[in-house]
Structures are given as C-alpha cells and as structure tokens.
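Comments concern the structure below.
Chain A is the first sequence line, chain B the second, and so forth, proteins listed ahead of strands; every chain is numbered from 1.
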Amino acid sequence: MAQQKVLMVAEKPSIALSIASALSRGQMSTRRGSTDVHEFDGIFRGFQARFKVTSVIGHVFSVDFPSKFQDWGKTNPLDLFDAPITKTESNPKAHICRHLSQEARGCGHLVLWLDCDREGENICFEVIECTGFHTKEPRRMVYRARFSSVLDKDILKAMDNLVEPNGDEALAVDARQEIDLKVGVAFTRFQTTYFQGKYGNLDSRVISYGPCQTPTLGFCVQRHLQITTFKPEKFWVLRPYIIQNGYELQLEWERNKLFDEDVATMFQKLVMEDGILEVTEISEKQENKSRPSGLNTVNLLKVASSALGFGPQMAMQMAERLYTQGFISYPRTESTAYPSSFEFKGTLGALANNPTYGNDVQRLLTDGFQKPRVGTDAGDHPPITPMRSATEDMLDRDAWRLYQYVCQHFIGTVSPDCKYVRTKVEFSIGGESFHCTGQHVTVEGFTSVMPWLGVNERNLPRFMKGEKIEVSKVELYEGSTISPDYLSESEVISLMEKNGIGTDASIAVHINNICERNYVQVQAGRKLVPTALGITLIRGYQCIDPDLCLPDIRSFIEQQITLVANGQMNHSHVVQHVLQQFKQKFTYFIKQIENMDALFEAQFSPLADSGRALSKCGKCLRYMKYISVQPARMYCGTCEEVYYLPQKGTIKLYKELSCPLDNFELLIFSLPGPEGKSFPLCPYCYNNPPFEGVDTLFGAVKSSTSGKLGKGAGMPCFLCPHPTCRHSVIAQGVCACPECSGTLVLDPVSAPKWRLYCNMCSCLVFLPQGAHRISTTRERCPDCDTTIIEVDFNKKTTPLEDGATLYVGCILCDELLHSLVEVKHGKSFSRRMRGRGAGRGRGRGGGKRVDPKMSFRDF
DNA sequence: GCAAGGTC
C-alpha cells in the first residue's frame, strides 16, 4: 500500500518547527517555501506515513469591503452596514494560500495545529479552505490537535488525542470580524469627513472610531474630567511627638484627618492640656503577604510599563523575541494558573546554573518549593515562564531586564509567602487615641527574589502597657486633598483587561492607536494624557450616545458572538441583530452630530479661518487658503471646496503660473532633505486627474509613493501627459529612467544644483552644477531621442571656450554635457541609455504619441 | 484614509 501523506499546519513558523522536532525526534529535513516545510517519516494512526509540517503566519485572510465601497466620496457610510464583505489574503505577497494548496496536493490527512483559541479555530477553517480539504472527499480527513504548550510531551499527547475543528468558534470570529469592520469603518468615515471638512486645525488625518480604541480613550478622558472638576479640600491632622529611648517618634491619630479646622484645634488643645500619653495597648499580629500567581501577558505588560518603562508595543516585541529565541515560554496568555502537569522541577532546573538566579533556584530545589497560588485558567497557554537560562551578555539591555522579570516572577510563584510581625502600640491622651506601628520580617519568602515587593522593617522603641510618656510637641498639620493623577498606561491596561477590551495580543495596538491618532499623549511616568481632540470626541459621544464610548460596547459584541461560539445561536442571525442595533445608533449619531459639532466649534477653528491665502482658485479666481496641519490641503472659502495636497513637504506658489486645463494657479511641492524632489502641481488636477488612464497608466506611482503624495495620491504635473503645457511630463521629461519604467524629468527649481529625478522611483541624476539656467527645449536628439536641453552656464565657471555661456545638447550623446552629468541613485546610465534610446526612443506629445509611457519606454 | 484580530 502506498505511503500515506499527512499535512500539518501551525499558526506560525516557530511552532511548526517545534512540532516537527518533537514528532520526528529531530530527524526531519527542512525546505524553504512561503514558510518552511519540515518533512519526516513516522506512524500516523497505525500506518506508515510521510509527514509535512508547515505553518501560516497568523490569519491567512482578512475582511474588507468590495472595491465598489472603497471610495469615500461615492459611498454613504450608512450603506456599509448592509454591504457585502469579502475575504482577501492578509498578506498577498507571502502567497500563503498558494503554498498551502501546493503542499496539500497528494495528502490524505490534514492536521491543524493552530493556537487553541477562537482565532486559532477560525484560522483552521482558513487553512481548510486553502488546502481544498473542505470538498467532501471521504478519504481526505481533517483533524484538530489541541495543545497548550510546545513541550515535546504535550505535542505527543495532542497527537494521540486528535479531535475535530470547532466550526462554531470559527463562526464567532467571522461574526466579530464583520461587526468590527462595518461599525468601525462607518463611524470613522462619517466623522472624519464631517469634521475634516469643517475644521482646519484638527491634528489627526483620520478621526477614527472603533469598539476597542474608543472605550480605551474613554478611560483616559474620564480621568481627565475627574481631574479638571476636582475641588481640593483642606484638612487637619493632629500629630503628637514623643521622645522614647532617645528616638523622636510621630504618632498617628485614630481619627486620621478632620475637615473642620475649629474642631481639630479643639482636639489639639485637649491633647496639649493633658500633656501625658498613656500606653493603652500593645499588640502583635502575624501578617502574610502572598506570593504571586503565574504571569500572564497583561501583567507582564503592566510591569513593563510601570517598572521598566517599556511601552506595551515594545514589551510585546521583546517578549516575542525572547520566546522565539527559546528563553521564555509563549508570551501571549491569559492564564495565571499553571496546568496540573506543569514541570516546576524542570523549569527550575533550567535555571539551576544561572549566575543570577542559580542560588535562589538551588535552594528551592533542595529545601522544596511551594505549589503556586491558585490563579485563573483561561484554557489557552500556561503562564509565562523562563525556558532556558540566559545571562546578561547574551541579551541586549532591555531584553535582559524583561527576561529578569520573567525569572523573578516565576521563582516568586514557587517561593514561600512573605511573613512578618506587625506591632501596634496604642496611646491615649486628652480623651483622644493615637498609635504607632512597627514591622519585623520573619520570612522573606518570594520578596527575596522580588525585592521591590519587600516589607519595610520598622523598629519601635520598647513600650510597657500603662507606661506614661510626656508629649514633646503637638503639631496641627494642615493639608489639602489632591486630585487623582492621569491614568498610567499600566492602569489603562488593567481597565482594558477588566472590561474585556482587546486581547492580550491587541491591547498594545489599541493604546498605540489612540496615541497615533493624537487622542492621547504619553507623558512622564507613562501617563496617558488626552489631547483636546481626544477630549472633544469623548465628550461628544457622551452627549449624543454615551454607549458609543463605554466599555460595555465591546462586552456586548463579545457576549453576542459567544452565543455563536457555544452553538446557542446562528451566526448570521447574531450578525444581523448586532448590526441592526449599531445601524440605529449610527443613524441617531448622524442626526445628532450638531451637538458634538458644538464642542468642536468651541475647540477648533473653522476651515475658513485657518490657513493663509496662497493661490488662486480656477473656478472663482479668489485666493484659496493653505492649511498646513495634516492633512495638508487647500481650501477655497468661496466654492467651499477642499483640495488635498501631497503630505510631509513644503508648498509654495509656483511663479503665479496656472494650469491650462482649469486655470488653477500652480503650486510647487518640495520633499525635505537635500535629495528631496520638487515638483509642480495643480491643486485641481492633483485631486481630479484630468486624463483618462493616468490612474492606471501610473498605477505604480500611485501605490509606491502614496505615502508621500497623500490623499488621492493624485496627479502632479510630472505625471500629466498634457501635450503643450510647459510643466507636463511631455515638456519636462528628458529620457527614460535607467532604473525603472519611469521618466527622468527636470527638477525646475533645483538651481544651482540642477538635477533630473525619476517620476516613479528614487533615481536622481545631477546636471552641470552651478549653471545659471537649465531648461528643456522642444527638440530631441536625432540619435537617441532624448530631449535636448539648454544650459546657460555661469560666466565664471563656464567650461566653454571664450567665456561663452549658452550651450545646447543631448545629455547622453554630447561629449561635453555627458561628462558633466552624474548619476546619484541608480546605475551608470550612459551605455545602457544610449543602447536603449537609439533609433526608437521618445516621441514628443505634440507629435504622433501622446502616451508618455509608451514613448519613453518601449526599448 | 477606515476596525480588530492574528503574526513579523
């Protein structure tokens, strides 16, 4: 009988490697692919089999709207709730789907080793889809491996207990994806367009909304409001002092503090008049400070932020790296309880020879270690623990600090509790009670490895019950209540966790999101302080529909999709039900938006008032205003139109020239830096490319530089095929780019460092430096079809005989010009270009060819 | 240009 073939798929390459190593006992061969494929022979369900283990890289697909709904201008956000959605490959370049389909060929069995959570279950079905195992062929079997660690024994155990993938859990994730997409995108598009169209100084390109990010922002703003509405109150504290055995000691008042000065003063008088304290009680109490339970992701992130000063994003990246290097266990887990099978001895043993922790660990191994405190078992992965001993020189500084914490926490969980004796001495004077307390540690326990949690020793002088002591002074301290501080990042993480917002893996992303959108700023001590924009948004939701920014919005979604996961409700029924509710909220929100707008009006400046007059509108011939805050744009107050500009550069009026197509005055845009391009553009054409096909013709430009060009990634003059305009690619283009399919165009404002740049890539060519003027002519080289340029050399530096300055020629064929040309980025282009240019070359737009790409390329 | 969830 032919050998069976078994395909196994993990969620990420590192897990595929662990699985293959465990099942093959290290005897596998590995070949490269979209992700590595490990192969070996073994026994599968009693038969000889050939195993192939590979992986995906997280989700294979993500949801989006079909292209018809992608245009913000043409889609009513309300329609998004009922729009179809499509699943497309998350990372098309990785070709994961093709990879899986190829590897599945000839395999009779598929074993799914995705992470054991809902998302993993959903990815199982993505894999099934890609491999073609869903077509019901009875002989092709699908199995699900359930494992909670990548230890060999756990993998072997999972292999012996294969189950079926859980379709309901996968459907719950489908439901969440659709709800999150539709709700988030609809609200985001609506409020972005509404407010960006009205205010000039909103300092965020996108005014986003999301069921996780918005409640997270809500926490920060809530605290801000508590701070701003806080009213300090004065209070008074009575503080008697005594001198006992030569030490001065301040006693605490049983009443703590009083908010009435007269009453406090009265008590002070009573105490002073008495003047003698009597020791009324001395008590001792054994106190216990519990060791920690296992470390989960959220707690790791909190410690990283509050004690190590690492933001969650960075902490996760470091933890991930420590994990892939094998130093710590899987860092994404909700569980704080160790599984019953957990090998404490093995884990401790791994650290036995560690120079930093070896001593602590060996003591635990010989004296016996504690069973960890009970935690919660979320059923995902065990708590985060060290896996392998590391020393300081093996890791970079930050990674070492994080690793140290993981070790300390783990050792702490199996160490004894900390025990101490608390002594309280109580006094009476003038009818009032006071006390002082001392602490003495009897068992350091886990605090020896986590010293920052240690109990402070506080010694008290000796006292006898009934002893009488003279008061040395009685102070009436006046204090004032202080407002709470802004939430620290670590507190925000706690709140998110408590309210079920985000997952261990995504909490960091949401916090990052509200920072990037300029809703909050991270200030000293990693405090999250909301900005004017963040505050205005939340106050706006609060006055229209507070649900929108409350954490319950997430719990509601989670609770609904859990019904799907548990098989209690049908997937599409739940999706329709939830979307219906959000659609209603959305309609109401739009209707009430003016209430929110009133808050924006008070905080931000209307478009019409912001910016400075820069260039004339081609429609009304009045000046338009330049708004420099992102997104940079022009605003015509008369036509009430906004024209977006390329971002992250400077913009100027271009010699009061105007576009022959629409009469708008031209602008010149310059990217920063000595090598930043400068190019003219017409604000109207940039937003509304006038020539059909320019979009597709220059598709490469559109996608490759969209980051720089910003909104619309529109059509600057260097892409314009206008046949006669002086600024189009037809007039300014010189020759084909040696690097790509673009065209080298003259940078019109590059004097005196004249240069050509490619209109599609970063290729840069220096022309004769210091020239007075360089311009393109209408002539072209008879040999290579390159545009003839005219150079007006500087009188002092002219290379021409007799001090002549004017010179006309082809930069490729003319010896003199060619010797003065230098390629900055890109290959030497002389020979190649000559070869490519010869004979065919470019025709000018005015002539037979209007398509600049065809005329410049096509060699 | 948009969400949240994987992972890199």
Side-chain angles (χ1 to χ4, degrees), chain A residues 10-16 34-35 55-65 69-73 75 77 80-81 83 85 87 89-91 93-94 96 114-115 117-124 126-127 170 172-193 195-196 202 204-216 313 316-321 323-324 330-332 380 496 500-514 516-517 553-554 557-558 561 579 582 630-631 633 644 647 706-707 709-714:
Chain A
E11 192 155 320
K12 47 188 166 288
S14 61
I15 300 273
S34 290
T35 54
S55 74
V56 293
I57 314 168
H59 273 289
V60 184
F61 299 110
S62 45
V63 289
D64 205 346
F65 295 108
F69 296 87
Q70 295 292 356
D71 190 325
W72 289 42
T75 309
L80 294 174
F81 287 96
I85 54 166
K87 282 204 174 197
E89 267 198 86
S90 301
N91 183 357
K93 282 185 196 148
I96 297 295
L114 286 304
D115 291 357
D117 50 26
R118 264 185 213 169
E119 298 295 331
E121 222 56 38
N122 186 268
I123 303 176
C124 282
E126 297 184 339
V127 171
V173 170
D174 282 342
R176 180 195 53 71
Q177 290 176 336
E178 181 167 354
I179 295 164
D180 284 344
L181 175 75
K182 291 185 168 176
V183 173
V185 174
F187 275 91
T188 299
R189 284 195 192 170
F190 170 71
Q191 53 183 36
T192 301
T193 331
F195 292 117
Q196 286 293 7
L202 293 180
S204 180
R205 260 177 80 74
V206 173
I207 316 292
S208 58
Y209 176 86
C212 286
Q213 57 174 272
T214 304
T216 304
Q313 193 97 347
M316 266 331 275
Q317 276 170 15
M318 286 193 299
E320 185 70 31
R321 201 170 327 124
Y323 164 66
T324 47
Y330 189 60
R332 258 173 250 145
D380 47 358
M496 292 175 77
I501 292 176
T503 66
D504 42 7
S506 72
I507 276 179
V509 179
H510 300 308
I511 292 185
N512 201 46
N513 243 332
I514 59 172
E516 276 194 345
R517 298 277 149 78
I553 207 127
R554 189 75 206 158
I557 297 175
E558 287 293 331
I561 65 164
L579 284 177
F582 274 105
Q630 284 213 1
R633 65 220 121 129
Y644 287 89
Q647 306 293 313
S706 59
L709 299 181
K711 153 98 191 175

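With Gln177(A) contributing its side chain and Val63(A) its backbone, the two residues share no donor-acceptor pair below 3.5 Å. Remark: side-chain polar atoms of Thr75(A) are not paired, donor with acceptor, to backbone N or O of Pro77(A) under 3.5 angstrom. Counting only distance, with no hydrogens or angles, the side chain of Thr35(A) and the backbone of Ser55(A) share a donor-acceptor pair below 3.5 Å.
One finds a side-chain N or O of Thr503(A) lying less than 4.0 angstrom from the OP1 or OP2 phosphate oxygen of dG6(B). The phosphate of dG5(B) has OP1 or OP2 within less than 4.0 Å of a side-chain N or O from His510(A). Within the 4.0 Å cut-off from OP1 or OP2 of dC8(B), not a single side-chain nitrogen or oxygen of Gln317(A) is found. Look at Arg517(A) and you'll find a side-chain N or O under 4.0 angstrom from OP1 or OP2 of dA3(B). Phosphate proximity of dA4(B) to Arg118(A): absent, as no side-chain N or O sits under 4.0 Å from OP1 or OP2. One finds no side-chain N or O of Gln177(A) lying less than 4.0 angstrom from the OP1 or OP2 phosphate oxygen of dA3(B). Of the side-chain N and O atoms in Ser506(A), one or more sit less than 4.0 angstrom from OP1 or OP2 of dG5(B).
Within the 4.0 angstrom heavy-atom criterion, base atoms lie near Gln70(A). Counting any heavy atom pair closer than 4.0 Å across all strands shown, Pro77(A) reaches no nucleic acid atom. Counting non-hydrogen atoms under 4.0 angstrom, Phe195(A) reaches nothing in the nucleic acid.
Protein atom CG of Asp504(A) is 10 Å distant from nucleotide atom P of dG5(B), rounded to whole Å. Spacing between atom CG of Asn512(A) and atom C1' of dG5(B) amounts to 15 Å, rounded to whole angstrom units.
Of the residues near DNA chain B, Ser208(A) and Asp115(A), the one whose nearest nucleotide (by heavy atom distance) lies more toward the 5' end is Ser208(A). Heavy-atom distances to DNA chain B give each of Ile507(A) and Asp64(A) a nearest nucleotide, and the one nearer the 5′ end belongs to Asp64(A).
Note that OG1 of Thr192(A) is 4.5 Å distant from CH2 of Trp72(A), once rounded to the nearest 0.5 Å.
Taking only side-chain atoms of Lys12(A), from C-beta outward, the nucleotide of dC8(B), dG6(B), dC2(B) with the closest atom is dC8(B). Here dC8(B) is the nucleotide among dA3(B), dG1(B), dC8(B) with the atom lying nearest to any side-chain atom of Pro13(A). Minimum atom distance to the side chain of Arg554(A) is reached by dA4(B), of the listed dA4(B), dC2(B), dC8(B). In the set dG5(B), dA3(B), dG1(B), the nucleotide with an atom closest to the side chain of Arg176(A) is dG5(B). Which of dA3(B), dG5(B), dC2(B) sits closest to the side chain of Glu119(A) comes down to dG5(B). Candidate nucleotides dC2(B), dC8(B), dG6(B) were compared by shortest atom distance to the side chain of Asn91(A), and dC8(B) ranks first.
No side-chain heavy atom of His59(A) sits less than 4.5 Å from a side-chain heavy atom of Lys87(A).
A donor-acceptor contact under 3.5 Å is not formed by the side chain of Gln191(A) with the base of dC2(B).
Residue Ile553(A) comes nearest to Pro215(A) through the heavy atom pair CG2-CG, 3.9 Å, listed as atom of the first residue, atom of the second, then distance.
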